[in-house]
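Quick one: this structure, given as structure tokens, is what I'll be asking you about.
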Amino acid sequence: MNVASTAVVLGAALVVGGSPASAQLGYRNLDDERPVFTEDAYVLERFGFELAAPYRFEARAMASDAHVVAPELSYGAIPNLQVAVEAPLAALNADAEDEWGLAGLELSGVYNFNTESGGLPALTIRAEVQAPVGSLGGDVWRGAIRGIVSHSFGRARVHLNAARGIGSESGLSPLDPAPRWAYGLAGDYTLLRSSLLLVGETVVRRSVSGAPVEVNAGAGFRWQWTPTLVLDAGLSRRLADTGPDFGMTVGLTHTFGIRGLLPGRRAGGGAP
């Protein structure tokens with residue numbers, strides 16, 4: 001089974017799997033690479049679950065094209081804290097041959113210090129560790145810290161992300177390990193009657209020490225397909241001489257609860 005087929009199977013599993021939660025506004029949640037790099041500052045409510053199956057493609061001029069399916073399970077462990085595990089499956093197209101396999105294992109925690117109040121923006125910190133698991137997982141552990149700020153202006157929101165990689169910069173996975181540093185600025189707008197969120201971003205990053213600085217632009221949407229299913233899609237394009245020529249992502253996110261507990265939407269995911 002190739003990566004594209006895996007995406008279809010995982011997408012079908014999202015439709016039928018899990019206990020349904022009550023209606024929610026999960027389409028307003030910006031997660032890492034769903035559909036853009038920049039995240040918003042809100043986390044899952046306590047006892048809420050999210051199961052995501054995004055597919056990502058990157059066309060690279062100086063390296064192998066990449067296909068990635070990255071199933072991720074997130075859980076609202078305690079108030080304001082979300083934990084997640086992600087296991088990306090990837091394929092690299094090089095010289096008309098495919099190399100594919102597990103591209104590491106990522107564990108992450110996201111803590112929201114405060115929601116928007118008194119004119120202050122929402123502030124969140126994200127910590128992650130990438131383990132060298134699988135044939136495309138690299139040879140070393142890699143960590144990252146990201147600060148996230150979000151502020152609303154009616155139906156519009158602005159988000160600022162600042163990330164810093166931690167650990168060795170040699171022997172890394174060929175599939176998008178945590179960069180040495182990255183900054184993302186995004187804006188989104190909610191179309192309430194359509195249950196649709198539109199987003200655009202600019203990202204500046206350096207992959208490892210001494211590497212050229214990349215500047216990328218991205219845009220996408222998140223649409224509430226059903227009360228518990230969100231469809232997202234995005235496109236990206238490099239603005240500098242380095243970085244992926246073109247990227248796209250599409251995925252489904254299924255939100256559910258257990259034993260009738262709290263619905264798995266974000267504390268700040270409702271309409272303003």
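When a residue number appears, it is its place in the shown sequence, counting from 1. Below, all heavy atoms of this structure are taken into account, side chains as well, without hydrogens, waters or symmetry copies.
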_Minimum heavy-atom distance between Thr253 and Ala52, given as atom pair plus value_ =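 Looking at all heavy atoms of both residues, the closest pair is OG1-CB, 3.9 Å.
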task = Examine distances only and state if a side-chain atom of Asn161 and a backbone atom of Glu39 form a donor-acceptor pair shorter than 3.5 Å.
result =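 At least one qualifying donor-acceptor pair exists.
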Q. Do Val68 and Leu89 touch side chain to side chain, with heavy atoms closer than 4.5 Å?
A.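 Counting from C-beta outward, Val68 and Leu89 never come under 4.5 Å.
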Practice problem: Could you check whether the rings of His67 and Phe57 sit parallel, tilted or perpendicular, using 30° and 60° as the cut-offs? | Solution: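 Judged by the thresholds at 30° and 60°, the geometry between His67 and Phe57 is tilted.
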Item checked: Separation of Glu33 CD from Asp176 CG (nearest 0.5 Å) ->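 One finds 6.0 Å between CG of Asp176 and CD of Glu33.
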- Would you say Val36 and Trp181 are hydrophobically clustered, going by side-chain heavy atoms of ILVMFWY under 4.5 Å?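 Shared cluster, no.
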task = Examine distances only and state if a side-chain atom of Asp232 and a backbone atom of Leu30 form a donor-acceptor pair shorter than 3.5 Å.
result =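 Between the backbone of Leu30 and the side chain of Asp232 there is no qualifying donor-acceptor contact (under 3.5 Å).
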ask   = Can you find a heavy atom in the side chain of Pro35 that is under 4.5 Å from one in the side chain of Val199?
value =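 Side chain of Pro35 against side chain of Val199, heavy atoms only: contact under 4.5 Å found.
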| message | Can you confirm whether Leu235 sits close enough to Phe246 that some side-chain heavy atom of one is under 4.5 Å from a side-chain heavy atom of the other? | response |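 Yes, side chains in contact.
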* If only atom types and distance count, is the side chain of Ser150 paired as donor or acceptor with the main-chain N or O of Ala41 below 3.5 Å? ->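 Side chain of Ser150 to backbone of Ala41: a pair is present.
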Side-chain donor-acceptor pair present, Arg238, Asn216, cut-off under 3.5 Å
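No - no donor-acceptor pair under 3.5 Å links their side chains.
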For Glu116, side chain to side chain donor-acceptor pair (under 3.5 Å) partners two or more places apart:
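Checked Glu116 against side chain to side chain donor-acceptor pair (under 3.5 Å); matches are Tyr42, His151, Ser152.
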message: Contact between Glu86 and Pro71 at the side-chain level, heavy atoms closer than 4.5 Å - yes or no?
response: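 Heavy-atom side-chain distance check fails, nothing below 4.5 Å.
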Review point. Just how far is it from atom CE of Met248 to atom OH of Tyr55, taken to the nearest 0.5 Å?
Key: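 Answer rounded to 0.5 Å: 6.0 Å.
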Phe221 ring center near Trp223 ring center (under 6.0 Å):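 No, the ring centres sit 6.0 Å or more apart.
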Hydrophobic clusters here meaning ILVMFWY residues chained together by side-chain heavy-atom distances under 4.5 Å, can you tell me if Phe37 and Leu198 are in one?
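Phe37 does not cluster with Leu198.
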| message | Between the side chains of Arg155 and Asp188, is the shortest nitrogen-to-carboxylate-oxygen separation below 4.0 Å, so that they form an ion pair? | response |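 Salt bridge absent between Asp188 and Arg155.
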- Item | Closest heavy-atom pair and its distance - Ala211, Ser207 |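 It is CB-OG, 3.4 Å.
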Checking the side chain of Arg157 only, and the main-chain atoms of Arg28 only, is there a donor and an acceptor separated by less than 3.5 Å?
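A pair under 3.5 Å: yes.
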* Evaluation steps, side-chain contact (heavy atoms from CB on, under 4.5 Å), between Val203 and Tyr183 -> CA-CA 6 Å; Val203 177; Tyr183 300 97; over 6 Å; no
Any donor-acceptor pair under 3.5 Å from Arg34 side chain to Gly251 backbone =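 It does not hold such a pair.
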message: Is there a path of hydrophobic side-chain contacts, each under 4.5 Å between heavy atoms of I/L/V/M/F/W/Y residues, joining Val230 to Leu192?
response: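 Per the 4.5 Å side-chain linkage, Leu192 and Val230 are co-clustered.
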Review point. Any side-chain heavy atom of Asn29 sitting closer than 4.5 Å to one from Glu50?
Key: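 SC-SC contact between Asn29 and Glu50 confirmed.
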Check the pair Tyr75 / Val85 against side-chain contact (heavy atoms from CB on, under 4.5 Å), numbers first and verdict last.
CA-CA 9 Å; Tyr75 175 58; Val85 57; over 6 Å; no
Between CD on residue Gln224 and OH on residue Tyr27, distance to nearest 0.5 Å:
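Answer for the CD-OH pair, Gln224 versus Tyr27, is 7.5 Å.
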Given side-chain contact (heavy atoms from CB on, under 4.5 Å), test Thr124 with Val110 step by step and report yes or no.
CA-CA 7 Å; Thr124 291; Val110 185; 3.3 Å; yes
Just so I know, are the side chains of Val140 and Pro132 near enough to count as touching, which here means a heavy-atom distance under 4.5 Å?
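Not in contact.
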Q. Given Leu185 and Val158, is the side-chain contact (heavy atoms from CB on, under 4.5 Å) satisfied, shown in steps?
A. CA-CA 8 Å; Leu185 176 64; Val158 174; 4.0 Å; yes
Determine whether a donor-acceptor pair (N or O, by modelled atom type, separation under 3.5 Å) exists between the side chain of His254 and the backbone of Thr228.
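Here the side-chain-to-backbone pair exists.
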- Query: Looking only at heavy atoms, which two atoms of Arg205 and Pro177 are closest? And how far apart?
  - Reply: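 Taking every non-hydrogen atom into account, NH2-O, 4.1 Å.
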Item to check | Ser135 side, atom OG; Trp100 side, atom CH2 - distance, nearest 0.5 Å | outcome: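 Going from OG on Ser135 over to CH2 on Trp100, the span is 8.5 Å.
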State which residues pass side chain to side chain donor-acceptor pair (under 3.5 Å) with Glu201; sequence neighbours excluded, sorted by chain then number.
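Residues passing side chain to side chain donor-acceptor pair (under 3.5 Å) with Glu201: Thr38.
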Problem set entry | Arg206 and Glu214 ion-paired at < 4.0 Å |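 Answer for the salt bridge query: no.
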* Phe47-Leu73 co-clustered via ILVMFWY side chain contacts under 4.5 Å ->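 Yes, Phe47 connects to Leu73 through the hydrophobic network.
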- Message: Just to verify, what does Tyr111 make a ring pair (Phe, Tyr, Trp, His ring centres under 6.0 Å) with, not counting sequence neighbours?
- Response: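 Result, ring pair (Phe, Tyr, Trp, His ring centres under 6.0 Å) vs Tyr111: Phe113.
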* If you measure from CG on Asp139 to CG on Leu172, what distance do you get to the nearest 0.5 Å? ->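 CG of Leu172 is found 9.0 Å from CG of Asp139.
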Between Pro174 and Leu136, is any pair of side-chain heavy atoms under 4.5 Å apart?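 In short, these two side chains touch, coming nearer than 4.5 Å.
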Quiz item: Roughly how far, to the nearest 0.5 Å, is the CD1 atom of Ile148 from the CG atom of Asn112?
Solution: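 Here the interatomic distance stands at 9.5 Å.
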Considering only heavy atoms from C-beta outward, does the side chain of Val129 approach that of Trp141 to under 4.5 Å?
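The answer is yes, as the side chains (C-beta and beyond) meet within the 4.5 Å cut-off.
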Say whether Val149 and Val204 are linked into one hydrophobic cluster, either directly or through other cluster members, by side-chain heavy-atom distances under 4.5 angstrom.
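Hydrophobic grouping puts Val149 apart from Val204.
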Exam field: side chain Arg146 to backbone Ile125, donor-acceptor pair closer than 3.5 Å: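 Flag not set: sc Arg146 to bb Ile125 has no pair under 3.5 Å.
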(request) Please check if the side chain of Arg142 supplies one atom and the backbone of Gly167 the other of a donor-acceptor pair under 3.5 Å. (result)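 Yes, Arg142 side chain to Gly167 backbone: donor-acceptor pair under 3.5 Å.
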Q. Just by modelled atom types, is the Gly109 backbone N or O under 3.5 Å from a matching donor or acceptor in the Arg126 side chain?
A.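 Between the backbone of Gly109 and the side chain of Arg126 there is no qualifying donor-acceptor contact (under 3.5 Å).
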- Message: Using every non-hydrogen atom in the two residues, find where Gln82 and Leu44 come nearest and quote the distance to one decimal.
- Response: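 It is OE1-N, 3.1 Å.
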Got a donor-acceptor contact below 3.5 angstrom from the Gln130 side chain to the Ala178 backbone?
->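 Checked: pair present.
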